[in-house]
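Read the structure below first, then the notes.
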Amino acid sequence: MKKLLLPLAAAFLLAACATPQTNYFTLPDSTFQMPEHTRGKTETALRVVPAEPLNRGGLAYRSDAFRLDYARNHLWAQPLDQAAAARFANEFNRMDTGRYFVPAHQSKAAQSATIYLEAFQGSYLGSTLVEGYIRSDSGSRRFRAETPQQGDGYEAMLESLSQGVSAAAAQIYGR
């Protein structure tokens, strides 16, 4: 019996070593920071709705002109809708918009704005894409920000996506 257990134990040990490690990533600047100056400004709840394929939990990468792949072991540390809402809110709050933004899951404001993310991914072309539209009390506006990725790997992709959010925010509020 002992002779049988040793090979089984070795097989389980080898199988455990072969299992890829799961890594969790955060979008830079995705911890919401309440702006210092809110007096005289209206609070606006900011909600982000990612397209259904982006809600799979893994980082997305366009591997060719026709295919979007989702990482199985490189996952968002928090739901993409919450991370993107905090990142966009922080970016909008750096602008002079006459109001301040708070992620919807942290706000009870009557006014709201919703960002619909249609694309939020890296690409085989060496860039990242942040694309969609915003709807608010002042209407709708589309945005598309394609930013070059400096370097390889998921960290470089996340830094480029963060730059894409900055560029998209500038398109939304015309800065």
Side-chain angles (χ1 to χ4, degrees), residues 7-35 45-95 101-107 113-134 142-172:
L8 272 173
F12 281 121
L13 184 62
L14 287 174
C17 292
T19 304
Q21 178 181 348
T22 300
N23 295 299
Y24 294 94
F25 293 88
T26 59
L27 184 63
D29 194 23
S30 63
T31 299
F32 176 67
Q33 300 292 318
M34 182 63 85
L46 183 63
R47 184 172 160 233
V48 172
V49 178
E52 189 55 40
L54 297 174
N55 265 338
R56 295 183 180 187
L59 281 67
Y61 182 79
R62 183 165 297 285
S63 56
D64 61 34
F66 306 104
R67 186 177 35 220
L68 191 61
D69 294 319
Y70 300 93
R72 292 185 191 133
N73 296 310
H74 296 82
L75 307 174
W76 291 109
Q78 69 185 100
L80 179 58
D81 61 333
Q82 292 179 15
R87 178 67 180 89
F88 271 103
N90 289 339
E91 196 65 39
F92 292 155
N93 289 336
R94 291 185 193 105
M95 301 175 184
F101 294 85
V102 176
H105 68 279
Q106 296 175 324
S107 175
T114 303
I115 293 175
Y116 295 91
L117 277 179
E118 297 167 339
F120 198 81
Q121 72 248 358
S123 171
Y124 69 101
L125 298 172
S127 61
T128 60
L129 180 61
V130 177
E131 183 176 21
Y133 60 98
I134 185 169
R142 289 201 59 76
F143 58 86
R144 177 184 168 84
E146 191 168 350
T147 51
Q149 182 174 318
Q150 304 299 319
D152 294 329
Y154 288 105
E155 290 86 359
M157 185 175 90
L158 291 173
E159 195 59 47
S160 183
L161 283 168
S162 183
Q163 292 169 6
V165 170
S166 296
Q171 288 176 29
I172 291 168

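Counting heavy atoms from C-beta outward, Y154 and L59 have side chains that approach closer than 4.5 Å. Between L75 and Y70, every side-chain heavy-atom pair lies at or beyond the 4.5 Å cut-off. At a threshold of 4.5 Å between non-hydrogen side-chain atoms, the residues S162 and R87 count as touching. Two residues are said to be in side-chain contact when any heavy atoms from C-beta on lie closer than 4.5 Å; R142 and E118 meet this criterion. Considering only heavy atoms from C-beta on, F120 comes within 4.5 Å of L27 through its side chain.
Here the closest heavy-atom approach between residue P28 and residue L158 is recorded as CD-O, 3.7 Å. Residue A86 comes nearest to F32 through the heavy atom pair CB-N, 3.9 Å, listed as atom of the first residue, atom of the second, then distance. Minimum interatomic distance between A169 and F88 (heavy atoms only, all atoms of both residues): N-CE2, 4.3 Å. Nearest heavy-atom pair, P103 versus A89, reported as atom, atom and distance to 0.1 Å: CD-CB, 4.1 Å. N93 and Q33 get closest at one heavy-atom pair: ND2-O, 4.4 Å. Scanning both residues, T128 and G122, for their nearest heavy atoms gives CG2-CA, 3.8 Å.
With hydrogens and angles ignored, the 3.5 Å screen pairs a side-chain donor or acceptor of S160 with a backbone N or O of P148. No donor-acceptor pair closer than 3.5 Å links the side chain of R62 to the backbone N or O of Q121. The backbone N or O of D29 sits less than 3.5 Å from a side-chain atom of N90, completing a donor-acceptor pair. D81 places no side-chain N or O within 3.5 Å of a backbone atom of R47 that could act as its donor or acceptor partner. The backbone N or O of R144 lies less than 3.5 Å from a partner atom in the side chain of Q171, making a donor-acceptor pair. Remark: side-chain polar atoms of E155 are not paired, donor with acceptor, to backbone N or O of M157 under 3.5 angstrom.
Rounding to the nearest 0.5 Å places OH of Y124 at 14.5 Å from CD of Q149. Interatomic distance, H74 NE2 to N23 CG, rounded to the nearest 0.5 Å: 4.5 Å. Distance check: W76 CH2 to F25 CZ gives 9.5 Å after rounding to the nearest 0.5 Å. To the nearest 0.5 Å, the span separating CD1 on I115 from CG on L46 amounts to 4.5 Å.
Side-chain contact annotation: S166 with E91, donor-acceptor N/O pair under 3.5 Å present.
No more than 12 heavy atoms of other residues, nucleotides or ligands lie within 6.0 Å of CG in D152, so this atom counts as exposed by the packing criterion. Around the CZ atom of R72, the shell of radius 6.0 Å holds no more than 12 heavy atoms that belong to other residues, nucleotides or ligands.
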*In sequence, state the C-alpha distance, the side-chain angles, and the governing distance for Y133 and T114, and then conclude on side chain to side chain contact (heavy atoms under 4.5 Å, CB included).*
CA-CA 8 Å; Y133 60 98; T114 303; over 6 Å; no
